[in-house]
Amino acid sequence: MRWSTYFLPTLKEVPVEAQIPSHRLMLRAGMICLSSSGIYTWLPFGLRVLKNIETIVREEQERAGAQEVLMPTIQSADLWRESGRYDDYGKEMLRIRDRHEREMLYGPTNEELITDVFRRFVKTYRDLPKNLYQIQWKFRDEIRPRFGIMRGREFLMKDNYSFDIDKEGAYNSYRKMFEAYLRTFARLGVVAIPVKADSGAIGGDMSQEFHVLAETGESKVFYDVAFEELRHKDLASLDIEKLRNLYAAAEEKHDPQTCPVAPENLKEARGIEVGHIFYFGTKYSEPMKATVTGEDGQLIPVEMGSYGIGVSRLVAAIIEASHDAAGIIWPESVAPFCIGLINLKVGNPDTDKASETLYDALQKENVEVLYDDRDLRAGSKFADMDLIGLPWQIVVGGRSLSMNKIEVKCRKTGLREDLSINEVIKKFTKSTISDGKCV
RNA sequence: CGGGGCGUAGCGCAGCCUGGUAGCGCGCCUGCUUUGGGAGCAGGAUGUCGGAGGUUCGAAUCCUCUCGCCCCGACCA
């Protein structure tokens with residue numbers, strides 16, 4: 001992509017309304033713009049990140065055996081009356097009427113809908129277990145939206161629902177999701193700690209929240225220091241069993257008296273909730289009559305669990321966990337582009353030629369490159385590139401080019417090296433996988 | 001919903017108290033000079049002062065209403 005033609009409106013000055021780093025940086029990096037309170041338009045650069053996260057979440061859901069569906073955003077109030085939640089949910093639920101004065105709502109979550117889908121088709125224990133997921137926009141009419149996308153009213157969420165014949169099956173589904181979540185967050189480049197938590201309005205007795213550690217997190221969490229190894233482990237070496245048994249708890253659930261972790265191994269931090277998994281048994285299947293015939297011929301309400309990942313919130317959470325004074329530092333797995341190619345002297349035949357050669361070669365190799373071909377001063381281009389946080393910067397300028405070298409800078413470490421054009425191409429094509437992400 | 005704050009050029013702000021017909025920085029346009037970390041000089045464009053009503057000879061400024069946004073609290077992926 002050539003920056004000169006790309007819709008990427010960066011801001012030099014910090015917008016006043018934004019208080020936390022992710023909100024400021026998302027506005028300054030031209031990722032989102034406010035439409036109305038808690039509701040945002042995703043601009044091209046931000047949308048690329050959102051899509052990248054979505055892809056990883058989707059891949060890990062499929063790997064764990066869940067199947068994708070897409071349910072409507074607008075739902076009928078009748079279904080919610082069946083579960084009893086139409087009256088319970090309160091003002092967070094956006095209620096609307098259609099032209100026939102029928103009561104509708106914009107879904108804040110989808111247990112009722114999925115239970116309805118399930119009960120229509122599944123009648124026997126032989127068809128269990130099932131696990132269905134979707135990635136869909138939700139709306140919760142928060143009393144006070146804040147922190148940009150972090151706490152918006154409209155948000156993109158992956159939600160899935162497991163159906164099992166008995167409690168043991170349900171726990172098994174739960175465990176699979178636990179593992180899928182650890183894998184998902186690890187791939188997204190963040191450390192997410194699974195903490196015991198209240199299951200809130202949705203109900204149930206087995207429930208964990210996944211929190212990305214960041215100073216601006218909304219809740220306080222306590223956890224075993226061993227979780228910090230997550231940061232340094234690759235996927236293959238994740239020891240799920242060990243992680244499942246480590247201690248972590250939200251502030252409300254943490255009791256220093258009974259905590260099994262020695263004080264010197266107990267860490268305290270703030271976290272951003274990006275995922276929530278819980279088992280809730282027959283809370284919906286019973287009132288909504290989602291039953292199957294068991295081996296003995298009796299009707300049994302199915303055992304359910306539900307599992308959420310805040311996809312749009314993750315964009316902000318990742319930035320909270322990965323930025324510096326100059327801007328965003330994208331983990332490579334979610335970066336909107338792998339490389340930012342800066343031509344410092346647009347119009348100069350030598351830098352133009354070298355830049356175009358690199359741009360073409362990398363594109364041919366399927367590496368995602370944002371080529372800054374704008375005719376601006378060096379300082380602005382460096383500042384913009386640091387702000388938008390692409391993992392690698394390739395700088396083509398007179399200084400190094402006079403020695404037939406190109407400068408390559410790692411955004412995260414700040415380390416630079418001078419390479420020949422061919423070495424640059426080799427460096428990035430060798431480490432590239434098919435979808436254009438650097439490894 | 002309760003408490004506080006703010007809406008003036010694309011962005012960040014001053015002007016408001018004490019009414020006299022709108023300004024600064026950045027950005028934008030033109031030209032020249034500059035060219036590896038948000039350039040310099042010269043010239044230029046841009047505002048129904050959030051909206052409606054009122055007071056007044058005269059309102060960005062005073063009064064009333066209204067809309068929007070932000071912050072603190074209870075609530076939440």
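Residue numbers start from 1 in every chain, and the chains themselves are labelled A, B, ... in the order their sequence lines are given, proteins ahead of strands. Below, each value reflects all heavy atoms present in this structure, side chains not excepted, and no hydrogens, waters or symmetry copies.
When Watson-Crick and G-U wobble pairs are counted only if both distances are under 3.5 Å, B:C24 pairs with B:G12. With both pairing distances under 3.5 Å, B:C41 is matched to B:G31 as a Watson-Crick or G-U wobble pair. Base-pair partner of B:A59: not found among the strands shown (Watson-Crick or G-U wobble, both distances under 3.5 Å). A 3.5 Å limit on both hydrogen-bonding distances identifies B:C6 as the Watson-Crick or G-U partner of B:G68. In this entry B:G36 has no Watson-Crick or G-U wobble partner, no candidate having both defining distances under 3.5 Å. Base pairing annotation: B:U48 forms no Watson-Crick or G-U wobble pair, as no partner gives both donor-acceptor distances under 3.5 Å. Using Watson-Crick or G-U wobble geometry with both donor-acceptor distances under 3.5 Å, B:G73 finds its partner in B:C1.
Atom CD in A:Gln134 sits roughly 16 Å away from atom P in B:A77 (whole-Å rounding). If you measure from atom CD1 of A:Ile143 to atom P of B:G3, you get 15 Å, rounded to the nearest angstrom. Spacing between atom CE of A:Met150 and atom P of B:C70 amounts to 15 Å, rounded to whole angstrom units. Summarising the geometry, the separation between CD1 on A:Ile272 and P on B:C76 is reported as 18 Å, rounded to the nearest angstrom. Regarding A:Leu314, its CG atom lies at a distance of 14 Å from the P atom of B:A77, rounded to whole Å. Remark: P of B:G73 and CZ of A:Phe147 are 8 Å apart, rounded to the nearest angstrom. Atom CG of A:Leu34 and atom P of B:C69 are 7 Å apart (whole Å). Spacing between atom CE of A:Met93 and atom C1' of B:C76 amounts to 15 Å, rounded to whole angstrom units.
Projected onto RNA chain B by closest heavy-atom contact, A:Arg313 and A:Gln19 fall at different nucleotides, the more 5' of which corresponds to A:Gln19.
Checking B:C76, B:C69, B:A74 against the side-chain heavy atoms of A:Arg146 singles out B:A74 as nearest. Distance from the side chain of A:Arg151 is smallest for B:C76 among the nucleotides B:C76, B:C71, B:G38.
Separation of the A:His23 and A:Phe147 ring centroids does not fall under the 6.0 Å cut-off.
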Interface polar pairs with nucleotides 40-47 of chain B, N/O, under 3.5 angstrom:
none

Report each atom pair, protein N/O against N/O of nucleotides 30-37 of chain B, whose distance is under 3.5 angstrom.
from, atom 1, to, atom 2, distance (Å)
B:U34, O2, A:Arg377, NH1, 2.8
B:G36, O2', A:Arg399, NH1, 3.1
B:G36, O6, A:Gly397, O, 3.3
B:G36, O6, A:Ser400, N, 3.1
B:G36, O6, A:Ser400, OG, 2.7
B:G36, N2, A:Arg399, NH2, 3.4
B:G36, N2, A:Glu407, OE1, 2.7
B:G36, N2, A:Glu407, OE2, 2.9
B:G37, O6, A:Arg416, NH1, 3.4
B:G37, O6, A:Arg416, NH2, 3.1
B:G37, N1, A:Asp386, OD2, 3.2
B:G37, N2, A:Asp386, OD2, 2.4

Kindly give the atom pairs (protein nitrogen or oxygen, nucleotide nitrogen or oxygen) under 3.5 Å for nucleotides 4-13 of chain B.
from, atom 1, to, atom 2, distance (Å)
B:C11, O2, A:Glu13, OE2, 3.3
B:G12, O4', A:Glu13, OE1, 3.4

Taking it one step at a time, do A:Asp384 and A:Thr10 satisfy side-chain hydrogen bond (donor to acceptor under 3.5 Å, both in side chains)? CA-CA 7 Å; A:Asp384 263 350; A:Thr10 57; 3.0 Å; yes

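Annotation: cation-pi pair A:Lys427/A:Trp392 present, NZ/CZ under 6.0 Å from the ring centroid and within 45° of its normal. Figure legend: cation-pi geometry between A:Arg48 and A:Phe337, with NZ or CZ positioned under 6.0 Å from the six-membered ring centre and within 45° of its axis.
B:G36 sits 15 Å from B:G40 when the P atoms are compared, rounded to a whole Å. Atom C1' of B:G38 sits at a distance of 37 Å from the matching atom of B:A77, rounded to the whole Å. With both ends at atom P, the span from B:C57 to B:U8 equals 30 Å, rounded to whole Å.
Within 4.0 Å (heavy atoms only), A:Asp384 reaches at least one base atom of the nucleic acid. Using a 4.0 Å heavy-atom criterion, one finds that A:Arg153 contacts no nucleic acid atom at all. Here A:Gly152 lies in heavy-atom contact (under 4.0 Å) with a base.
Contact annotation: A:Arg144 side-chain N/O to B:C72 OP1/OP2 distance is under 4.0 Å. Under 4.0 angstrom from either OP1 or OP2 of B:C70 there lies at least one side-chain N or O belonging to A:Ser37.
Separation of atoms OG (A:Ser380) and NZ (A:Lys12) is listed at 7.0 Å; rounding is to 0.5 Å.
Two residues are said to be in side-chain contact when any heavy atoms from C-beta on lie closer than 4.5 Å; A:Gln208 and A:Tyr181 fail this criterion.
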